[in-house]
Amino acid sequence: MKKMKFKTQNKTEKRIRAGRALAGILSVFLLAETVILPSGRTVSALAGGIPEEELSIVDTSVDAMEGNEAKSIVTVAPEGLTLTSESVILMETESGTVIAEKEADKARPIASVTKIMTLLLIAEAVDTGKIKLTDTITVSEYAASMGGSQVFLEPGETQNVETMMKCISISSANDACVAMAEHLAGSEAAFVERMNTKAKELGMNHTTFHNCCGLDVTGHVSCARDVALMSAELMKNHPWITKYTTTWMDTIIHTTRRGSSEFGLANTNKLLKQYNGITGLKTGSTDEAKYCLSATAERNGVKLVAVVLAAPDTKTRFREAAALLDYGFAKCTVYRDEGTDFPLTEVEIKNGREKTVTVGLKSNFSRVFTSGEDLSAIKREIVLKDEIKAPLAAGDTIGEYRYTLNGTELGSVDIICKEEVKEMSFGASFLKCKDLFFGDKGVKQEPVTEEKEPAAEEKLSLTPPEK
């Protein structure tokens with residue numbers, strides 16, 4: 001650094017010290033400006049210069065992992081990706097891995113995107129047998145009085161559950177939403193309680209519902225992350241919903257005292273016509289919420305949900321959702337194991353009426369990778385509990401199936417009992433001893449199975465319990 005020269009008529013020692021002090025302060029400031037500050041606030045290569053702290057891309061590669069926890073690493077977003085919507089998130093549906101986000105936890109109105117939760121509760125009721133798609137719904141005066149987006153159901157009109165789901169999914173009908181809420185819970189208020197309960201179960205920590213259709217009400221809010229969570233839940237566990245969420249146009253028949261008439265349904269999700277692989281899901285807009293969208297899509301086994309909230313106009317919400325989905329499909333590969341080749345079928349147990357118990361995996365395993373990892377290098381190992389003894393119930397966990405890549409654990413799936421095994425009673429034990437000493441003296445030869453030497457490339461190992 002060049003020495004600073006201070007021109008003054010009176011070069012007193014006091015002024016020299018002051019000048020040196022000032023130079024020192026300036027040096028520290030410049031050092032902080034050039035070295036320290038950029039590491040905490042990097043401007044990305046986004047068109048429009050959005051600071052990276054506002055849009056973060058989550059790296060879930062192995063190098064970014066610590067145990068099972070993913071580190072959120074800020075990286076440069078794809079060139080040309082401009083995000084002007086106030087809140088966005090991109091999530092892989094199966095695993096819940098977040099790939100990109102901006103203001104994802106800010107609570108705000110979400111308009112008719114609310115109906116995703118309404119559809120989720122209806123779908124659960126169908127899949128659990130509480131209602132059938134052919135069940136008849138009678139429209140109340142209150143349901144028919146709903147304003148906003150509607151299909152003009154009349155008091156006393158009847159429609160079946162499937163027709164109501166079409167009206168909600170395609171035309172975002174508020175009247176159909178309320179009619180279904182009353183049918184399932186007795187009243188809209190009671191149904192909204194169920195919505196909020198389900199939101200808590202899903203970890204939607206910034207969501208409070210006050211109605212089932214998304215009309216602007218003070219305190220009726222959610223956030224991009226929460227919308228992604230309920231969207232993923234609906235698409236993952238009730239995939240048949242895409243029959244309605246991918247329908248561009250349809251019709252229903254109104255049958256009232258005045259006779260029958262046909263009414264057309266038109267979907268407001270323009271991506272159904274514009275985006276390859278789109279599977280849904282729901283649009284929404286009000287003066288307070290602005291323009292919102294939860295867009296789901298699937299390509300080559302990769303399933304994504306892109307949520308855009310508070311976009312300035314309708315074209316922006318579709319453009320930015322499509323850009324996020326494009327980025328996700330370009331970046332992501334998904335490893336899935338459905339357990340079809342899980343080699344363990346039985347495990348020996350102690351103190352049971354049976355010597356062994358049938359076992360299997362509790363669920364499938366999936367993991368998202370974003371850095372071109374070699375998925376063929378993933379290893380699997382069976383780790384059983386130290387002691388497995390009766391009594392055992394169906395569903396009890398007796399170990400886990402671990403997945404690792406290059407020494408880093410990716411996750412695990414529980415190994416569970418598929419059947420109940422009761423504890424050996426005194427009476428049963430006595431009978432076994434009786435058979436042993438006084439039963440058939442012929443010795444049964446157990447069939448011998450030849451064990452094959454595992455292939456060199458086999459990745460599966462059976463790990464003994466740690467003592």
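For reference, positions follow the sequence shown, starting with 1.
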Q: Can you name the residues that form a ring-ring contact (aromatic ring centres under 6.0 Å, His included) with His220, not counting sequence neighbours?
A: Phe209

Q: With respect to Ser140, which candidate in Glu182, Glu188, His183, Glu157 satisfies the side-chain contact (heavy atoms from CB on, under 4.5 Å) definition?
A: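 Among Glu182, Glu188, His183, Glu157, the one that satisfies the side-chain contact (heavy atoms from CB on, under 4.5 Å) with Ser140 is Glu182.
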
Q: By the salt bridge (charged side-chain N to carboxylate O under 4.0 Å, His left out) test, which pairs, at least two apart or in different chains, include something from residues 235-253?
A: Glu162-Lys243, Lys166-Asp250

Q: Which residues satisfy the side chain to side chain contact (heavy atoms under 4.5 Å, CB included) test with Arg257, sequence neighbours excluded?
A: none

Q: What residues form a salt bridge (Lys or Arg N to Asp or Glu O under 4.0 Å) with Glu94, not counting sequence neighbours?
A: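 Glu94 satisfies salt bridge (Lys or Arg N to Asp or Glu O under 4.0 Å) with Lys303 once adjacent residues are dropped.
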
Q: Run the ring-ring contact (aromatic ring centres under 6.0 Å, His included) test against Phe329 and tell me which residues pass, sequence neighbours left out.
A: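 In terms of ring-ring contact (aromatic ring centres under 6.0 Å, His included), with neighbours along the sequence ignored, Phe329 is linked to no residue.
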
Q: Under 3.5 Å, side-chain donor or acceptor atoms of residues 174-181 against the rest of the protein: list the pairs with distances, not counting sequence neighbours.
A:
from	atom 1	to	atom 2	distance (Å)
Asn174	OD1	Lys115	NZ	2.7
Asn174	ND2	Gly147	O	2.8
Asn174	ND2	Ser149	O	3.3
Asp175	OD1	Val151	N	3.3
Asp175	OD2	Val151	N	3.3
Asp175	OD2	Phe152	N	3.0
Asp175	OD2	Leu153	N	3.0

Q: Using a 4.5 Å cut-off on heavy atoms from C-beta on, say whether the side chain of Asp127 contacts that of His238.
A: yes

Q: Can you list the residues that meet the side chain to side chain contact (heavy atoms under 4.5 Å, CB included) rule with Lys132, with sequence neighbours excluded?
A: Thr134, Asp135

Q: Ring pair (Phe, Tyr, Trp, His ring centres under 6.0 Å): which pairs involve residues 255-290, sequence neighbours left out?
A: His254-Phe263

Q: Quick check: do Glu86 and Lys290 have side-chain heavy atoms less than 4.5 Å from each other?
A: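 Glu86 vs Lys290: side chains touch.
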
Q: Applying salt bridge (Lys or Arg N to Asp or Glu O under 4.0 Å), name anything that partners Glu320, two or more places apart in sequence or on another chain.
A: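 Result, salt bridge (Lys or Arg N to Asp or Glu O under 4.0 Å) vs Glu320: none returned.
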
Q: How many angstroms lie between CG in Asp374 and CZ in Phe369, if you round to the nearest 0.5 Å?
A: 10.0 Å

Q: Report the residues that fulfil ring-ring contact (aromatic ring centres under 6.0 Å, His included) with Phe365, sequence neighbours left out, ordered by chain and then residue number.
A: Tyr403

Q: How about Thr316 and Thr84: do any of their side-chain heavy atoms sit closer than 4.5 Å?
A: yes

Q: Apply salt bridge (Lys or Arg N to Asp or Glu O under 4.0 Å) to Glu193 and list each qualifying residue two or more places apart in sequence or on a separate chain.
A: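 Not a single residue meets the salt bridge (Lys or Arg N to Asp or Glu O under 4.0 Å) criterion with Glu193.
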
Q: Considering residues at least two apart in sequence or located in another chain, which fulfil the salt bridge (Lys or Arg N to Asp or Glu O under 4.0 Å) criterion with Glu92?
A: Arg336

